[in-house]
Peer 1: 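What follows is a single structure, and I will ask about it in a moment.
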Amino acid sequence: MCGIVGYIGKRSACDILINGLKRLEYRGYDSAGVALNYNAQLTIAKQKGKVAALEAHICNDVSHDAVEKACSGIAHTRWATHGLPTEENAHPHRDNSGRVALVHNGIIENYAALRKQLEKKGSSFSSETDTEVLAHLVGSFYSDDLLGAVSEALKMVEGTYGVAVLANDSPDEMIVARKGSPLVVGMGSDESIIASDVSAIVAHTQQVIYLQDGDVARISATGAEIYTLDQCVVDRNISSVEWEIGAVEKSGYDHFMLKEIFEQPSALENTIRGRLDKVQGTAVLSGLNLTPRDMASIKRLVIVACGTSMHAGMVSKYLFEGLADMPTSVEQAAEFRYCNPLVGADDFVVAVSQSGETADTLAAVRESIQKGALVAGLCNVVGSTIARETGRGIYLHAGPEIGVASTKAFTAQVIVLLMMALKFGRRRRLSREAGLMISREIEQIPAMIEKVLEQNEAIAKIAEKYAQVEHAFFIGRGILYPAALEGALKLKEISYIHAEGYQAAELKHGPIALLQESTPVVALLNDIPGKEKTLGNVAECRARKAPVLGIVTEGDLATAESVDDVIWVPQCSVYAAPIISVVALQLLSYHIARIRGCEIDQPRNLAKSVTVE
Ligand code: G6P
């Protein structure tokens, strides 16, 4: 949510900032801006809309000297919270004197009170944003010590921030700070690049420092000095980013989403690698850091997550209860802390989050830790807040996910949860033979996904038939119910078709009233227990003239005859079924959105990483 990038070094900053913003655009894309520090002046350019609009504006309207010669600058791509997506509200914002400019990700919760105080002292504001208040506040403290001024201002702020600040008369430094919104410092040779995530940095360096909450840092071309807000020095490790720039490029695909769908076999191989014990038939997940005593004392699993990650969590309820007899509840993270969550020492809370930054999931983590539960994070982004705060967990190793609609993260999350269920299952009730069978099945999932991907053209053809509908339902039973929810979510996210996922039998308790010829039903009919019952529900839909598109196991001709259209998926066990079905539904949504001409990688109103409540 909102992307920040900053550069200080020997090269021309503007290009580096614009290219960095393009890499971060998935975080928010309703306006963008840049501030360049050149010749004791801050040149600011902002535009409503995408980074490309900002780039054109800079080309046509901004002083060439600043664009070519400024060697430090900050930039921002916005996902609006306070104030409409307009040029005035776009970042960077300045203080009244124009000496200070800053970009900010997060929310200043007490901005209204601060704004009143500043107005009394003579500040006048040109935007509706909370961020401009922070710029004025920094300006009010600034004489010649920018680090001190930023620290003092941040002490007065309630809320969250990742922030980068420049002062016109201090060209050799940039001050950055974080609390609740990620910020990474890239350490190049004779240059530093800061950003809200590493994808804007890897083109320049793979050596990074992940700032921690409460850190404020002075960044120069030669590195970073990091302090607390009270100006005590802190030491942070330099880490090496594991992947290279190719991972955040489209590599010939039309969209990141399609690339990420097709990457799933290799991404999942990375997720699985080294984690299956093929002698004992269990999973090796050392990052969970659970002692045999912990494993024995856990009475209940509680999953907290949002969006697609919550659907992965819902799949895992069937896995943990089925394989490990482990009662599992799946909680919407946004509700968790507001409903007296009954978690304690016997509970194992697992936060599932691709980004590791989702504000509601993070808040659920903090609440659970405070209540004494064992808490683990299941994240894709290395060094993310949830991964760090839980201190135990499993990385997905699925590689960066850029498309706003989550695809490979979902399948990797389900695989990791399946491996966790296997591990608990082996401790509690599964025989070695049963464990070995499941681990063999897990190993085959990437190849099964390959087979679904081979259906790409056939799915594109089916998409043509359904692309113009206004409403759609997705139905499934048991472990395929969350897959139906995820199929519906994918379709609405990227094609803007109104889609609902339902447990197949539940459809008749109300929603069936909406079925008609123009309202298709996508039915998950994999050949696993429950299929016959879902077929009964399919008949009910067809009796109301709703066309039915079935996800059907190869060779299951009888089922194929009961529906109007078919997407074939390979034969598999109940554990793999939600994964391979969702891959088919990802492709279906992708092609429908493509045919409708939608902005697939950056759907309207959405952001990849939601760092506000
Ligand atoms: C946003 C994204 C979704 C994602 C959800 C949870 O809403 O648009 O695709 O599923 O956040 O994100 P997380 O990073 O916690 O998995």
Side-chain angles (χ1 to χ4, degrees), residues 1-3 24-30 79 81 105 180-182 196-197 199 255-257 260-261 271 303-316 330-336 349-366 376-390 393-396 398-414 416-417 482-483 485-496 499 501 582 585-586 589-590 593 598-613:
M1 182 150 286
C2 297
L24 296 178
E25 210 168 8
Y26 69 89
R27 298 183 72 92
Y29 33 84
D30 55 43
W79 189 88
T81 55
N105 176 20
S181 298
S196 29
D197 74 58
S199 53
H255 298 96
F256 279 111
M257 183 182 178
E260 287 156 9
I261 292 172
T271 306
I303 305 273
V304 290
C306 300
T308 289
S309 298
M310 190 184 67
H311 294 156
M314 289 174 75
V315 172
S316 79
V330 185
E331 308 290 336
Q332 286 180 358
E335 285 290 307
F336 190 72
V349 175
V350 177
V352 183
S353 173
Q354 188 286 131
S355 62
E357 303 291 348
T358 301
D360 286 318
T361 310
L362 179 58
V365 162
R366 290 177 176 158
L378 207 160
C379 303
N380 195 33
V381 176
V382 174
S384 55
T385 308
I386 291 173
R388 282 189 290 101
E389 292 205 8
T390 49
I394 309 171
Y395 280 121
L396 302 182
E401 190 179 69
I402 308 289
V404 166
S406 189
T407 52
K408 62 178 177 176
F410 172 85
T411 47
Q413 285 163 345
V414 176
V416 167
L417 290 162
L485 293 177
E486 177 57 12
L489 180 64
K490 280 291 86 71
L491 188 65
K492 65 187 141 202
E493 278 179 312
I494 61 167
S495 75
Y496 315 140
V582 164
L585 298 182
Q586 292 167 351
S589 295
Y590 172 80
C598 298
E599 288 253 28
I600 290 178
D601 284 334
Q602 292 163 0
R604 72 179 177 216
N605 304 342
L606 303 185
K608 180 86 186 143
S609 165
V610 179
T611 54
V612 294
E613 268 194 47

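Counting starts at 1 for both ligands and their atoms, following the listed order. Please read these numbers as outputs of a predicted model, since none were measured by experiment.
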Peer 1: Does any non-hydrogen side-chain atom of Cys379 lie less than 4.5 Å from one of Ser384?
Peer 2: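 Side chain of Ser384 against side chain of Cys379, heavy atoms only: contact under 4.5 Å found.
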Peer 1: Scan Glu599, Gln602, Lys608 and name whichever one has a side-chain contact (heavy atoms from CB on, under 4.5 Å) with Tyr29.
Peer 2: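 It is Gln602; the other options fail the test.
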Peer 1: Under 4.0 Å, counting heavy atoms only: does Ala405 come that close to any atom of ligand 1?
Peer 2: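 Per 4.0 Å heavy-atom rule, Ala405 does not contact ligand 1.
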Peer 1: How far is atom 13 (P) of ligand 1 from the closest protein heavy atom, and which atom is that?
Peer 2: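 Checked against all protein heavy atoms, atom 13 (P) of ligand 1 sits closest to Thr358 OG1, 3.2 Å.
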Peer 1: Would you check whether Glu493 reaches within less than 4.0 Å of ligand 1, judged by its heavy atoms?
Peer 2: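 It does; at least one heavy atom falls under 4.0 Å.
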Peer 1: Tell me the nearest of Ser355, Ala305, Ala359, Ala333 to atom 14 (O) of ligand 1, using heavy-atom distances.
Peer 2: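 When every heavy atom of Ser355, Ala305, Ala359, Ala333 is considered, Ser355 comes closest to atom 14 (O) of ligand 1.
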Peer 1: Tell me which protein heavy atom sits closest to atom 5 (C) of ligand 1, plus the residue, atom name and distance to 0.1 Å.
Peer 2: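 Answer, as residue, atom name and distance: Cys306 O, 4.1 Å.
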Peer 1: Has ligand 1 got any nitrogen or oxygen that is less than 3.5 angstrom from a nitrogen or oxygen of Gln413?
Peer 2: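 Min N/O separation from ligand 1 is not below 3.5 Å for Gln413.
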Peer 1: Side-chain contact test, heavy atoms from C-beta onward, threshold under 4.5 Å: evaluate it for Met314 versus Leu485 and give yes or no.
Peer 2: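 A side-chain contact exists here, since the closest heavy-atom pair is under 4.5 Å.
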Peer 1: For the OG1 atom of Thr358 and the CE atom of Met310, what is their distance to the nearest 0.5 Å?
Peer 2: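 The distance works out to 12.5 Å.
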Peer 1: Please could you name the atoms of ligand 1 that Thr308 approaches to less than 4.0 Å, counting only its heavy atoms?
Peer 2: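 Once the distances to Thr308 are compared, the set is 10 (O).
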Peer 1: Within ligand 1, which atoms have a heavy atom of Ala607 less than 4.0 Å away?
Peer 2: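 Checking each atom against Ala607, I get 1 (C), 2 (C), 8 (O).
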Peer 1: Do any nitrogen or oxygen atoms of Thr361 come within less than 3.5 Å of a nitrogen or oxygen of ligand 1?
Peer 2: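 Thr361 vs ligand 1: no N/O contact under 3.5 Å.
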Peer 1: To the nearest 0.5 Å, how far apart are CG in Leu606 and OH in Tyr26?
Peer 2: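 Result: 14.5 Å between the selected atoms.
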Peer 1: Quick check: does any side chain N or O of Lys490 sit under 3.5 Å from a backbone N or O of Ser589, one acting as donor and the other as acceptor?
Peer 2: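 Here the side-chain-to-backbone pair does not exist.
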Peer 1: Return the closest protein heavy atom for atom 16 (O) of ligand 1 as residue, atom name and distance.
Peer 2: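 Here the nearest protein heavy atom works out to Ser309 OG, 2.5 Å.
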Peer 1: Would you say that Glu357 contacts Val381 through its side chain, given a criterion of any heavy-atom pair below 4.5 Å between the two side chains?
Peer 2: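 No, too far: nothing below the 4.5 Å cut-off.
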Peer 1: For atom 9 (O) of ligand 1, what is the nearest protein heavy atom, given as residue, atom name and distance?
Peer 2: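 Checking every protein heavy atom, the shortest distance to atom 9 (O) of ligand 1 gives Val404 O, 3.4 Å.
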Peer 1: Looking at Lys608, which atoms of ligand 1 are within less than 4.0 Å of one of its heavy atoms?
Peer 2: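 Heavy-atom distances to Lys608 below 4.0 Å select 1 (C), 2 (C), 11 (O).
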Peer 1: May I ask you to list the atoms of ligand 1 that are less than 4.0 angstrom from any heavy atom of Val610?
Peer 2: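 Those of ligand 1 that fall under 4.0 Å from Val610 are 1 (C), 7 (O).
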Peer 1: Between Glu389 and Arg366, is there a side-chain N and carboxylate O pair less than 4.0 Å apart?
Peer 2: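 So Glu389 pairs with Arg366 through a salt bridge.
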Peer 1: Would Leu606 count as a contact of ligand 1 if the rule is a heavy atom under 4.0 Å away?
Peer 2: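 Contact absent.
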Peer 1: Find out whether Val414 and Ser316 are in side-chain contact, i.e. whether some heavy atom of one side chain is under 4.5 Å from a heavy atom of the other.
Peer 2: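 No, side chains not in contact.
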